[in-house]
Each structure stands twice: as C-alpha cells, then as structure tokens.
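This report concerns only the one structure given below.
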There are 2 protein chains.
Amino acid sequence: MNIRTLCLGILSFQEASGYEIKKEIEEGLFSHFIDASFGSIYPALTQLNAEGLVTLRAEEQTSRPDKKVYALTEAGRTFLAKSIAIIPSRDKYKSEFLFQMLFQDLLPQDFLRLAIEKQLTDLNGDLKCIAECRSVQPQQPKGSEFVAGYGEAVLLAGVKYLEARLAELNKTALKAAQ
Amino acid sequence: MNIRTLCLGILSFQEASGYEIKKEIEEGLFSHFIDASFGSIYPALTQLNAEGLVTLRAEEQTSRPDKKVYALTEAGRTFLAKSIAIIPSRDKYKSEFLFQMLFQDLLPQDFLRLAIEKQLTDLNGDLKCIAECRSVQPQQPKGSEFVAGYGEAVLLAGVKYLEARLAELNKTALKAAQ
DNA sequence: TGATGCATGTAATCCGTTACATGATTCA
DNA sequence: TGAATCATGTAACGGATTACATGCATCA
C-alpha cells in the first residue's frame, strides 16, 4: 500500500483537497496505523489525476491559493478495489520505546518512569482519537467499526500493561525509600 | 533509533557477527517491532568499527568467508546509553491489513475471511516467537521481560478481537446459507 | 505579536530495501 | 537435486520525510 492508494481510499469516502486528506490521516481512524506528509500527498494527487483515477475541481478562495478538490472516478474506484484485493504484506511495527525498554538497565529510574508515562500518554491519545471519530459519526460503515474496534482492543491492552508496570515501579521505589 | 544503535544494542548482550545479528533481529524479541536487512547491517558494523564503538575479530573458517565477530567497546556502551536516554519518537505502526479492512465492503466475503485468518496466523506466529524466546532463556533480564510482556499483551488482544469478528462472520454466513 | 490554521507545491536528502555477486555444506 | 543455512559485501533504486518557498487570517 502506497500513498496513492491511501489517497484513493480516503477519496472513496468523500471528495477532498490534499490539505484535507492530510488532516484526515492525522485525525481520523487512519492516524494510528498510517503516516503521510504533504511532500508525498501532493505529488500523488497530481499523478492520480493524470492517470484519470481522480478528477480535479478548483475552488476559488479569497487571499489563499485555490483549493483543489479531488474526487474519485469510476476507474479510481475499480483500481482501489483491485489494490486491496491482495493478501497484504505483514504489519510493520517500529517502536523506539520498546527498544529503549529492552535496555532499561542502562537508564536512570526516574527517566524510565518518564518514558513509560510518555508512552501511556501517546496510547491514550490514540484511544481518544478513536473515541472521537466514533462520537462524531456514530453510524459508521462496517470497515470503520472493525478498524476502530481493533485499534481500541490493542491500544487498551498496551495501556493496561504499562499501568501495571508503572504501579510496580512505584511500589519498588517506595520500598527503597523506606 | 537507527540500525547502528540497534547493532550496538544487540552487541551489548553478546558479541556477534553480522549474520548472527540479523538472525537475532528476526528470531529474537526484536522481531515484532524492528526490521533490518544485510544491506544495512554490514555497512553499519563497518562504520561502528571505524568509530571505535565496536572491535572486530576475524574467526577463520574452512570453506566459508571469515566470520567477523564484533564486540562492544566501552565507548560503544557509553554511546548506547546516551542514545537511549532520550524521549523516543512515537511508535510507528503501519498496517496494510487494517487499511484493507477499512474498505472491506469492496471485498468478497471469502476473501475477507481469508485476510483475517492470515492476520491471525501472523499474530500467533509473533506470539509463539515470544514464548520460545522465554523458554530458551527463562531467566531474562528485566528489559527483556518487560518487552516480551508488552508484546504478548498487545498481540493477544489483537488475536482475541479477530477471533471474535471471525466467529461473527461465520455465524452470518451460516444464517445466509439457511 | 507570535503561534496556529489554511493552502499548495518542489527539491534535497535520508535511510533503508532489493537485487546482485559468490560459494561450500547439509538436510530432506 | 534442490532448498535452506552459513557468510560477507556492494550498488541501484525506491519511497518517503524534511526543509524550503510563499502568504493571508485568526486567535490568544
């Protein structure tokens, strides 16, 4: 799955500009398992348009560049369907946090606690994002429900685990202080 | 965290060759949250050696290239400690599977089930990998225990969720067949 | 008045993967 | 006999990020 397919996917829900696509990736259900920057989105959209997979409509705006609104074509929808009808490559999960935890013996106790708390904040942030997506549009399509549920399940498991470890750390620290 | 730091990390546990480092990344606790290929490991090791962060010892072998065994130096250990003593960037989780699930309405039912089953196989594979790491070396350092536990918690949550969804799908399919 | 949001785009750069090159041994 | 394991390395290529370029409106 590349950025082009991603844009196609988002446009299959609703027409949007490059800027709005970026926002959707950051704030929508995609946020916790997909990334994309302007530097990849804008060229992708231009290319998609050249290939006839999306159409382009320029909305004039005062004191701002024209808003270029892209919409999926039939060819685009077909292409998207074909793109996802393959057994996908394995999930790629990269965690600097876990790498750090693996060598936690090299870390000061206070810093360790801080790092875990930061990870907790991140996970809870993602969880909140999913909850918000659900509340904004309570009647979600099947796919969105599925993905939101998966995200919640996994994220929640991480939160619970980290909270338990943090509690242990605090208990140990308390004992040491006595 | 780049490949160089990763190599340093693995060497902090035990001296190893490039080949063995790759194996450790694939089969060890790292496997589910880190990737690396020979094309990045070998150059990294060469560079690390040039910088004095690791030492190099060539083990002669019959009918095979010399095995280059690398070991962490004191400077290397210091560098590693410094490298992980920063608040790391957020986890990056990329999932083609979830992307696919988001647009599951475009997918045939049978294919959908297949995709979920494949994901289950992958997750269970990672789980098995962690269990094996634990059984091989039951008395793990604190960091390894932490990471293994986190992985298990998260992976297990994913498995449970997918199994529940799969059961639902099968029930629906059964009803439709009646 | 200084950050944030809106809005688009290009170019340099990075970091890594994939493919290529080589070749003996062992296991099924 | 063909695949997998052991063993190291280079070069081409890809795909995306980061930084740069521009500029008005709004909110604190």
Side-chain angles (χ1 to χ4, degrees), chain A residues 1-8 10-11 15-27 30-31 33-50 54 56-70 83 88-96 99, chain B residues 1-8 10-11 15-27 30-31 33-50 54 56-70 83 88-96 99:
Chain A
M1 203 268 310
N2 52 26
I3 302 287
R4 293 171 65 240
T5 315
L6 170 60
C7 290
L8 247 26
I10 292 176
L11 293 175
E15 56 169 34
S17 66
Y19 191 87
E20 287 163 348
I21 287 176
K22 172 92 187 299
K23 232 181 126 187
E24 179 62 27
I25 293 170
E26 272 170 2
E27 295 169 17
F30 303 87
S31 63
F33 65 93
I34 282 178
D35 270 312
S37 60
F38 285 131
S40 53
I41 293 172
Y42 285 124
L45 251 14
T46 305
Q47 203 190 331
L48 248 20
N49 184 44
V54 301
L56 165 57
R57 187 185 84 231
E59 266 181 24
E60 266 182 67
Q61 300 199 125
T62 52
S63 67
R64 219 169 265 178
D66 278 6
K67 188 170 169 179
K68 296 188 175 178
V69 179
Y70 295 89
S83 297
S89 68
R90 292 191 60 148
D91 289 359
K92 288 180 206 349
Y93 172 55
K94 304 213 175 176
S95 178
E96 294 202 0
F99 181 77
Chain B
M1 201 265 313
N2 51 27
I3 302 287
R4 293 171 64 238
T5 315
L6 170 60
C7 289
L8 249 24
I10 292 176
L11 293 175
E15 57 168 34
S17 65
Y19 190 87
E20 287 163 348
I21 288 176
K22 173 92 186 301
K23 230 178 126 188
E24 180 63 25
I25 293 170
E26 271 170 4
E27 295 169 17
F30 302 89
S31 64
F33 66 94
I34 281 178
D35 270 313
S37 60
F38 287 130
S40 52
I41 293 172
Y42 285 125
L45 251 15
T46 306
Q47 204 190 330
L48 249 20
N49 184 46
V54 302
L56 164 58
R57 188 184 84 231
E59 267 180 24
E60 266 181 69
Q61 300 198 126
T62 52
S63 67
R64 217 168 268 178
D66 280 6
K67 188 170 169 178
K68 296 187 175 178
V69 180
Y70 294 89
S83 297
S89 67
R90 292 192 59 150
D91 290 358
K92 287 177 206 351
Y93 172 55
K94 305 212 172 176
S95 177
E96 294 202 359
F99 181 76

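Throughout, protein chains are lettered first and strands after them, A, B, ... in sequence-line order, and every chain is numbered starting at 1.
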In whole Å, I'd like the distance from the [atom1] atom of [X] to the [atom2] atom of [N].
X	N	atom1	atom2	value
B:Glu60	D:dT8	CD	P	14 Å
B:Ile41	D:dA7	CD1	C1'	13 Å
B:Gln47	D:dT10	CD	C1'	15 Å
A:Lys22	C:dG9	NZ	C1'	13 Å
B:Glu59	D:dT8	CD	C1'	15 Å

Do A:Asn49 and A:Lys68 come close enough that some side-chain heavy atom pair is under 4.5 Å? no
Is there a side-chain contact between B:Leu6 and B:Ile41, using heavy atoms and a 4.5 Å cut-off? no
Using a cut-off of under 3.5 Å, enumerate the N/O to N/O pairs linking the protein to nucleotides 10-20 of chain C.
residue : atom : partner : partner atom : Å
C:dG16  : OP1  : B:Ile3  : N            : 3.4
C:dT17  : OP2  : B:Ser37 : N            : 3.2
C:dT17  : OP2  : B:Ser37 : OG           : 2.7
C:dT17  : OP2  : B:Ser40 : OG           : 3.0

Quick check: closest heavy atoms across B:Ala16 and B:Leu11, and the distance to 0.1 Å? N-CD2, 3.5 Å
NZ/NE/NH1/NH2 to OD/OE distance under 4.0 Å, B:Lys94 and B:Glu96: no
Within the sub-3.5 Å range, which N or O atoms of nucleotides 4-6 of chain D have a protein N or O partner, and how far apart are they?
residue : atom : partner : partner atom : Å
D:dC6   : OP2  : B:Tyr19 : OH           : 3.2
D:dC6   : O3'  : B:Arg64 : NH1          : 3.0

Any chance you could measure B:Glu26, atom CD, to B:Ile34, atom CD1, to the nearest 0.5 Å? 13.0 Å
At what distance, to the nearest 0.5 angstrom, does CG of B:Asp66 lie from CG of B:Leu56? 9.5 Å
For B:Tyr19, does the six-membered ring have the charged nitrogen or CZ of B:Lys67 within the cation-pi criterion, i.e. under 6.0 angstrom from the centroid and within 45° of the normal? no
Side chain to side chain contact (heavy atoms under 4.5 Å, CB included) between A:Leu48 and A:Tyr70, intermediate numbers included: CA-CA 10 Å; A:Leu48 248 20; A:Tyr70 295 89; over 6 Å; no
